[in-house]
Peer 1: 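Dropping the structure in here first, questions after.
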Amino acid sequence: MGRVTERRRVVRIRGGRVAERSDTLAGEEPMEIRVGGRALAITMRTPGDDFALAAGFLVSEGVVRSADEVARVVYCAGAEDDGAGGRSQNSYNVVDVVLADGVPPPAPSVARNVYVSSSCGMCGRTSIDAVRTTARGTLSDGPRLTPELLSLLPERLRAGQQVFDRTGGLHAAALFAEDGTLLDLREDVGRHNAVDKVVGRALLDGALPLDRTVLMVSGRASFELVQKAVMAGVPVLAAVSAPSSLAVDLAEESGVTLVGFLRGDSMNLYAGAQRVVLPEGS
């Protein structure tokens with residue numbers, strides 16, 4: 001199975017001094033997602049939490065919304081040569097999600113069998129109308145949060161990034177309870193993959209919708225991340241960096257509280273400010 005990290009030799013230059021050393025890199029490998037044996041998409045990801053990643057992907061696409069709609073998730077034969085001229089071995093880079101009886105397969109418009117890079121997210125499904133038609137139900141009123149509580153989340157997310165500490169090359173997504181308790185944290189080379197892993201784990205644990213939680217991401221807040229929050233029922237999305245204009249549009253349309261530039265006690269509220277308890281007189 002692919003590794004989360006790999007070692008490589010590098011030439012290090014510091015202050016004019018040159019030395020050769022070993023460096024730790026974040027792993028990145030393709031993973032094909034199938035539904036009932038039929039290819040749906042290929043995504044570049046950091047190996048690990050693959051079943052959760054596949055399940056979260058299907059939540060984002062509106063294919064499933066609860067654990068009882070998934071019969072099982074399995075690795076399929078994704079063979080690679082063993083390097084010794086012998087039998088090939090399973091690369092564990094092909095995951096098949098078998099839906100429960102009666103659950104319809106993905107619509108042809110969803111099944112695209114295309115490459116999805118670790119940076120671009122759900123390419124080709126970037127309209128607010130598409131999210132409105134696939135989202136099921138409306139977001140709950142959700143928690144009421146103070147700026148003081150929100151200000152604690154980036155440090156708690158950063159403290160949980162174990163692989164980032166070793167590589168410096170991974171995004172993270174963390175799910176928090178409304179009192180700031182860390183519920184789950186996943187890392188990946190793709191920020192959208194990290195979110196899918198969190199959402200997929202919640203789906204497989206029977207915890208959807210995530211209507212009393214806060215989703216925190218280590219990078220920017222793009223359209224596809226707001227889309228994933230909506231599909232998982234997450235009412236609050238916070239990011240340490242900036243949102244895009246379309247992310248703000250979708251957050252306003254869908255009722256998501258969108259917090260950007262969350263760093264210490266500084267933050268911007270781009271949408272859904274009603275869930276944040278502002279100081280009196282502000």
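Just so you know, these numbers come straight off a predicted model, no measurement behind them.
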Peer 1: Please lay out, stage by stage, how V189 and L170 fare under the test side chain to side chain contact (heavy atoms under 4.5 Å, CB included).
Peer 2: CA-CA 5 Å; V189 287; L170 288 182; 3.5 Å; yes
Peer 1: Between the main-chain N or O of R65 and the side-chain N or O of E69, is there a donor-acceptor pair closer than 3.5 Å?
Peer 2: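 Yes: the side chain of E69 pairs with the backbone of R65.
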Peer 1: For a 4.5 angstrom cut-off between non-hydrogen side-chain atoms, does S241 reach R263?
Peer 2: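 A side-chain contact exists here, since the closest heavy-atom pair is under 4.5 Å.
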Peer 1: I42 and I33: side chain to side chain contact (heavy atoms under 4.5 Å, CB included), yes or no, with the steps?
Peer 2: CA-CA 6 Å; I42 299 173; I33 300 172; over 6 Å; no
Peer 1: Would you say the side-chain atoms of T257 pair up with the backbone N or O of G272, donor to acceptor, closer than 3.5 Å?
Peer 2: yes
Peer 1: Is a side-chain donor or acceptor of S60 paired with a backbone partner of G56 at a separation under 3.5 angstrom?
Peer 2: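 Pair found, side chain donor or acceptor close to backbone of G56.
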Peer 1: Please tell me whether L149 and L278 are part of a single hydrophobic cluster in this structure, the criterion being side-chain heavy atoms less than 4.5 Å apart.
Peer 2: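 In one cluster: yes.
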Peer 1: Is a donor on one side and an acceptor on the other found under 3.5 Å between the side chain of D96 and the backbone of G36?
Peer 2: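 Flag set: sc D96 to bb G36 pair under 3.5 Å.
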Peer 1: Mind listing the closest non-hydrogen atom pair of E187 and A172 along with its distance?
Peer 2: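 Smallest heavy-atom distance, with atoms named: CG-CB, 4.1 Å.
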Peer 1: So for atom CG, which belongs to D265, do other residues, nucleotides or ligands contribute more than 12 heavy atoms lying within a distance under 6.0 Å?
Peer 2: no
Peer 1: If I compare all heavy atoms of F223 with all of A247, which pair ends up nearest, and what's the gap?
Peer 2: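 The answer is N-CB, 3.8 Å.
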Peer 1: Evaluate the side-chain proximity of L262 to M216: yes if any heavy-atom separation is below 4.5 Å, no if none is.
Peer 2: yes
Peer 1: Which atoms form the tightest heavy-atom contact between L258 and P243, and what is the distance?
Peer 2: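 Result for this residue pair: CD2-CB, 3.9 Å.
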Peer 1: Please tell me if the side chains of V276 and T146 come closer than 4.5 Å, counting only heavy atoms from C-beta onward.
Peer 2: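 Not in contact.
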Peer 1: In chain order, what residues pass the salt bridge (charged side-chain N to carboxylate O under 4.0 Å, His left out) check against R275, with sequence neighbours excluded?
Peer 2: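 So R275 forms no salt bridge (charged side-chain N to carboxylate O under 4.0 Å, His left out) with any residue.
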Peer 1: Hey, does E32 have a side-chain heavy atom less than 4.5 Å from the side chain of N93?
Peer 2: no
Peer 1: Got a donor-acceptor contact below 3.5 angstrom from the S254 side chain to the A251 backbone?
Peer 2: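 Judged by distance alone, no pair lies under 3.5 Å.
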Peer 1: Could you give the side-chain donor-acceptor pairs of residues 206-213 under 3.5 Å, partners two or more places apart or in another chain?
Peer 2:
unit_1, atom_1, unit_2, atom_2, d
R212, NE, E178, OE2, 3.1
R212, NH1, G142, O, 3.0
R212, NH2, E178, OE1, 2.8
R212, NH2, E178, OE2, 3.4
T213, OG1, L210, O, 2.8

Peer 1: Nearest heavy-atom pair of V64 and A55: which atoms, and what distance?
Peer 2: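 Distance-wise, the nearest heavy atoms are CG2-O, 4.4 Å.
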Peer 1: Sort out for me which residue in D188, D49, T46 forms a side-chain hydrogen bond (donor to acceptor under 3.5 Å, both in side chains) with K197.
Peer 2: D188
Peer 1: Evaluate side chain to side chain contact (heavy atoms under 4.5 Å, CB included) for L152 paired with E148, printing each intermediate quantity in order.
Peer 2: CA-CA 7 Å; L152 300 174; E148 290 75 19; over 6 Å; no
Peer 1: Applying side chain to side chain contact (heavy atoms under 4.5 Å, CB included), run through L139 and V234 and close with a yes or a no.
Peer 2: CA-CA 7 Å; L139 291 177; V234 176; 6.0 Å; no
Peer 1: If I take atom CG from residue D196 and atom OG1 from residue T43, how far apart are they, to the nearest 0.5 angstrom?
Peer 2: 8.0 Å
Peer 1: Only pairs at least two apart or in different chains count here, so list each ring-ring contact (aromatic ring centres under 6.0 Å, His included) that has a residue in residues 226-268.
Peer 2: none
Peer 1: I'd like to check E252 versus V248 (side-chain heavy atoms, cut-off strictly below 4.5 Å). Are they in contact?
Peer 2: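 E252 reaches V248 side chain to side chain.
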Peer 1: If only atom types and distance count, is the side chain of N193 paired as donor or acceptor with the main-chain N or O of M44 below 3.5 Å?
Peer 2: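 It does hold such a pair.
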Peer 1: State which residue, out of V199, L203, L204, fulfils the side-chain contact (heavy atoms from CB on, under 4.5 Å) condition with R201.
Peer 2: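 The passing option is L204.
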Peer 1: Checking the side chain of R45 only, and the main-chain atoms of P30 only, is there a donor and an acceptor separated by less than 3.5 Å?
Peer 2: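 Yes, the answer is positive, given that a donor and an acceptor are paired below the 3.5 Å cut-off.
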Peer 1: Taking side chain as C-beta onward, heavy atoms only, is L215 less than 4.5 Å from V236?
Peer 2: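 No, side chains not in contact.
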Peer 1: For V97, does its backbone N or O pair with a side-chain atom of R34 as donor and acceptor, under 3.5 Å?
Peer 2: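 No, because the side chain of R34 does not come within donor-acceptor range (under 3.5 Å) of the backbone of V97.
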Peer 1: Indicate yes or no for a side-chain donor-acceptor contact from R156 to the backbone of G180 under 3.5 Å, with no hydrogens or angles considered.
Peer 2: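 It does hold such a pair.
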Peer 1: Near E155 CD, under 6.0 Å, is it more than 12 heavy atoms from other residues, nucleotides or ligands?
Peer 2: no
Peer 1: When you look at R9 and S22, which way does the side chain to side chain donor-acceptor pair (under 3.5 Å) test go after all the steps?
Peer 2: CA-CA 4 Å; R9 300 296 293 177; S22 182; 4.6 Å; no
Peer 1: Determine whether more than 12 heavy atoms belonging to other residues, nucleotides or ligands lie under 6.0 Å from atom CZ of R72.
Peer 2: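 Count not over threshold, so no.
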Peer 1: Is there a side-chain contact between V73 and V95, using heavy atoms and a 4.5 Å cut-off?
Peer 2: yes
Peer 1: Measuring from C76:SG to Y92:OH, what's the distance to the nearest 0.5 Å?
Peer 2: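 C76 SG to Y92 OH: 11.5 Å, rounded to 0.5 Å.
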Peer 1: Quick one, P147 and M267 - any side-chain contact, counting heavy atoms below 4.5 Å?
Peer 2: yes
Peer 1: D50 and Y75: side-chain donor and acceptor closer than 3.5 Å?
Peer 2: yes
